[in-house]
Q: 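Before I ask anything, let me first share the structure, which is written out below as structure tokens.
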Amino acid sequence: MAMIPSFFNNRSRDIIFDPLFSFDPFKDFPFPSSSLVPRENSAFINTRIDWKETPEAHVFKADLPGIKKEEVKVEIEDDRVLQIRGERTVEKEDKNDRWHRVERSSGKFLRRFKLPENAKIDQIKAGMENGVLTVTVPKEEVQKADAKKTIEISG
């Protein structure tokens, strides 16, 4: 050990090589750790949405636990874009409360989906039950061309 130069300003060399020594390589960087971020600044980005197509419609299902239907907006934007947005508000805190862990997200969310040409935009329906938003977009029947078409030859 005497031949190893001291790069660590008189710190014990035994601690440096201890496998149980807790080392935080990011401690001097300017961004805060997740435990220090205020709850009101967290984003509700985990909005999971399923999109399935049935023979009659396109069906979107979004998990929105704890959100009231008044806090959700379903809109159609220009160029056939379905937009689902809303906000989960932060739970009010009492000065006597002591939080041990905060994992539920709060804040705004926004999801957009480009609808196909066969979507009946004027007949979209939305409903919310047990924290699940269901948006149903009926489909127009696509005219199928005949399997065989004879082309007249000019000349």
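Here the structure is a predicted model, which means the values were calculated and not measured.
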Q: Answer whether the closest heavy-atom distance between the side chains of N118 and H58 falls below 4.5 Å.
A: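 Side chain of N118 against side chain of H58, heavy atoms only: contact under 4.5 Å found.
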Q: Please give me the minimum heavy-atom distance between A57 and P138, naming the atom from each residue.
A: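 Residues A57 and P138, closest heavy atoms: CB-CA, 3.9 Å.
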Q: Got T136 and I124 here, is their nearest side-chain heavy-atom distance under 4.5 Å?
A: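 A side-chain contact is absent here, since even the closest heavy-atom pair is not under 4.5 Å.
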Q: Same hydrophobic cluster for I121 and I84, using side-chain heavy-atom links shorter than 4.5 Å among ILVMFWY?
A: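 Shared cluster, yes.
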Q: Nearest heavy-atom pair of L110 and R85: which atoms, and what distance?
A: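 Shortest heavy-atom separation between L110 and R85 comes out as CD1-CB, 3.7 Å.
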Q: Within a 6.0 Å radius of atom NZ on K68, are there more than 12 heavy atoms belonging to other residues, nucleotides or ligands?
A: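 No, not enclosed.
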Q: Hey, are the side chains of T47 and L64 touching, using non-hydrogen atoms and a 4.5 Å cut-off?
A: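 Yes; the side chains approach each other to less than 4.5 Å.
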Q: I'd like to know whether CD of E77 has more than 12 heavy-atom contacts from other residues, nucleotides or ligands below 6.0 angstrom.
A: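 Result for CD/E77: enclosed.
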Q: Which word best sums up how the rings of F113 and W51 line up, parallel for under 30°, tilted for 30 to 60°, or perpendicular for over 60°?
A: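 Perpendicular.
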Q: Would you name the heavy atoms of V137 and A119 that are closest together and state the gap between them?
A: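 Looking at all heavy atoms of both residues, the shortest contact is CG1-CB, 3.6 Å.
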Q: Flag yes if more than 12 heavy atoms outside K52 fall under 6.0 Å of its NZ atom; otherwise flag no.
A: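 At most 12 heavy atoms, drawn from other residues, nucleotides or ligands, come within 6.0 Å of this atom.
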Q: Can you confirm whether V135 sits close enough to K125 that some side-chain heavy atom of one is under 4.5 Å from a side-chain heavy atom of the other?
A: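 No, every pair of side-chain atoms sits at 4.5 Å or beyond.
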Q: Verify, without hydrogens or angle tests, whether R80 (side chain) and P116 (backbone) share a donor-acceptor contact under 3.5 angstrom.
A: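 Yes; judged by distance alone, with no hydrogens or angles, the pair exists.
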Q: Could you walk me through whether D50 and F60 pass side chain to side chain contact (heavy atoms under 4.5 Å, CB included), step by step?
A: CA-CA 6 Å; D50 295 337; F60 297 83; over 6 Å; no
Q: Side chains of I67 and L133: does their closest heavy-atom pair fall under 4.5 Å?
A: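 They are not in contact (no side-chain heavy atoms under 4.5 Å apart), so the answer is no.
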Q: For D79 versus K114, what's the shortest heavy-atom pair and its separation?
A: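 Taking D79 first and K114 second, the nearest heavy atoms are O-NZ, 2.8 Å.
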Q: Does atom NZ of K61 have more than 12 heavy-atom neighbours from other groups under 6.0 Å away?
A: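 Not buried by this count: 12 neighbours or fewer within 6.0 Å.
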Q: Can you give me the closest heavy-atom contact between K139 and K120, atom names plus distance?
A: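 That closest heavy-atom pairing would be O-CE, 3.5 Å.
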Q: Check the pair V72 / E87 against side chain to side chain contact (heavy atoms under 4.5 Å, CB included), numbers first and verdict last.
A: CA-CA 7 Å; V72 178; E87 183 173 3; over 6 Å; no
